[in-house]
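Here is the structure we will look at.
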Number of protein chains: 2
Amino acid sequence: MGTRARAGNRLAAREALAQRVRGWAHLPFDPARCPVRSVLDQLGDKWTTLVVLVLTQGPHRFSAVQRAIPDISKRMLTQALRDLERDGLVARQVFPTTPPSVEYRLTPLGESLLEPLGALIAWAEVHMAGIVAARAGFARQRTARPAGA
Amino acid sequence: MGTRARAGNRLAAREALAQRVRGWAHLPFDPARCPVRSVLDQLGDKWTTLVVLVLTQGPHRFSAVQRAIPDISKRMLTQALRDLERDGLVARQVFPTTPPSVEYRLTPLGESLLEPLGALIAWAEVHMAGIVAARAGFARQRTARPAGA
DNA sequence: CGAAAGAGGTCTCACGATGAGACTAAGATG
DNA sequence: CATCTTAGTCTCATCGTGAGACCTCTTTCG
């Protein structure tokens, strides 16, 4: 695929999104029923996505996930896993050993999320430098301004 | 592109993500410095993404954005716009009229986000039905269980 | 025998973020 | 002179979040 074709794809993707958004205008505005909000709220849960990323590495037990994300509390981890289970993205399997052990793994639905999620993460890594630069510039503006004008 | 090739791409995308995650293992675990968290926290802000979606429709004034997202408060809208501006995704232009008017538009960086964001939204719309079904099943399980066992 | 550990949670409490809504400036309009 | 406009900011009550104690059951160690 040449540069020209790729640029075309990018434009097409943008226009497709814009049209999609335009299509929503007809719908009654009901935040609770909006799939996009549903999904983004979930991913924005600060932890859910991290958990999904850990599970890309294969099934994990509760404590293994916690080790992989040191700064999550048990409470939040439980909740993130429950939410993912509720939405059918993660499967929970209990082994009746003592002490009991529980294994979490991505379902096919959960795995299907990896594709768009990967795109987003790739974007984040590529553009991180630009964002950091923008932040620095913004901070400079803000600190320089108050005295002036 | 045939079905087979597309399936291959999907697998490749998943494996690529898994490898990317594996690569992070070497890094010192520093949540504050993680681009992925940075970006996802931002998008998960509940409002930021919605604002970006509104701006796909072209430049908007403050109040126009608010009309497009009725259930956002001024405070939160201001914050979302400021964050986006800070990160260089949105440009803010003030017209010194009275009363003043301010226009917000996506920057090229902001537009570059539309591609992966579009992928995520497409995923959300496609799989929403599955998620709703999973939720219903989960609720049934939970309500049925307490009496039993 | 008693103590501690280890898994997977739940519960409580304090704190920070969030939303509602009043308030501001500065001019145009009735 | 009162009122309307836009784009915010400010305060306060509420809500969600995170930290960490506590729980159950059994095995293992001293």
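Labels below follow one simple rule: chain letters A, B, ... track the order of the sequence lines, proteins then strands, and each chain is numbered from 1. Since this is a predicted model, take the numbers as computed values, not measurements.
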Axis-to-axis angle for the helix from C:dC1-D:dG30 to C:dG30-D:dC1, ends of five pairs each, to 10°, equals 30°
Of D:dT6, C:dA28, D:dT17, the nucleotide closest to the side chain of A:Met76 is D:dT17
Of D:dG8, C:dG8, D:dG18, the nucleotide closest to the side chain of A:Lys74 is C:dG8
### Query
For D:dT6, does OP1 or OP2 lie under 4.0 Å from any side-chain N or O of B:Tyr104?
no
Taken to the nearest whole Å, CZ/B:Phe95 to P/D:dA7 is 11 Å
Quick note, salt bridge (Lys or Arg N to Asp or Glu O under 4.0 Å) partners involving residues 122-137 of chain B, not counting sequence neighbours, are A:Arg20-B:Glu125, A:Asp87-B:Arg135
Among the nucleotides D:dT9, D:dT6, D:dT17, whichever has the atom closest to the side chain of B:Pro99 is D:dT6
DNA chain D nearest-nucleotide lookup for B:Ser63 and B:Arg75: closer to the 5′ end is B:Ser63
Taken to the nearest 0.5 Å, the spacing of A:Asp45 CG from B:Lys46 NZ works out to 11.5 Å
Among C:dG19, C:dG8, C:dT18, the one nearest any side-chain atom of A:Val102 is C:dG8
From CG of B:Leu77 across to P of C:dA20 the rounded distance in Å is 13 Å
Checking C:dG8, D:dT6, C:dG9 against the side chain of A:Arg61 (C-beta onward), the nearest is C:dG8
Between NE2 of A:His60 and P of C:dA7 the distance, given in whole Å, is 14 Å
When rounded to whole Å, the CD to P distance for the pair B:Glu85 and D:dA7 reads 14 Å
Rounded to whole Å, CH2 of A:Trp47 lies from C1' of D:dG16 at a distance of 15 Å
Do B:Val102 and B:Phe95 have side-chain heavy atoms sitting under 4.5 Å apart?
no
query = Under 4.0 Å between a Lys/Arg side-chain N and an Asp/Glu carboxylate O for B:Glu115 and A:Arg14?
reply = no
Here the distance between atom C1' of D:dG16 and atom CG of B:Asp41, to the nearest Å, is 15 Å
Is the shortest side-chain N to carboxylate O distance from B:Glu15 to B:Arg22 below 4.0 Å? yes
Below 4.0 Å: OP1/OP2 of C:dT18 and any side-chain N or O of B:Gln79 = yes
A:Asp71 CG to D:dG20 C1', in whole Å, measures 15 Å
(request) Assess whether side-chain contact (heavy atoms from CB on, under 4.5 Å) is satisfied between A:Leu120 and B:Leu113, documenting all intermediate values. (result) CA-CA 8 Å; A:Leu120 197 62; B:Leu113 174 61; 4.0 Å; yes
*asked:* If you define the side chain from C-beta out and look only at heavy atoms, does anything of B:Leu55 sit under 4.5 Å from B:Arg105?
replied: no
Looking only at D:dA19, C:dG9, D:dT17, the nucleotide nearest the A:Arg92 side chain is C:dG9
Among D:dA7, C:dG9, C:dA7, the one nearest any side-chain atom of A:Phe62 is C:dG9
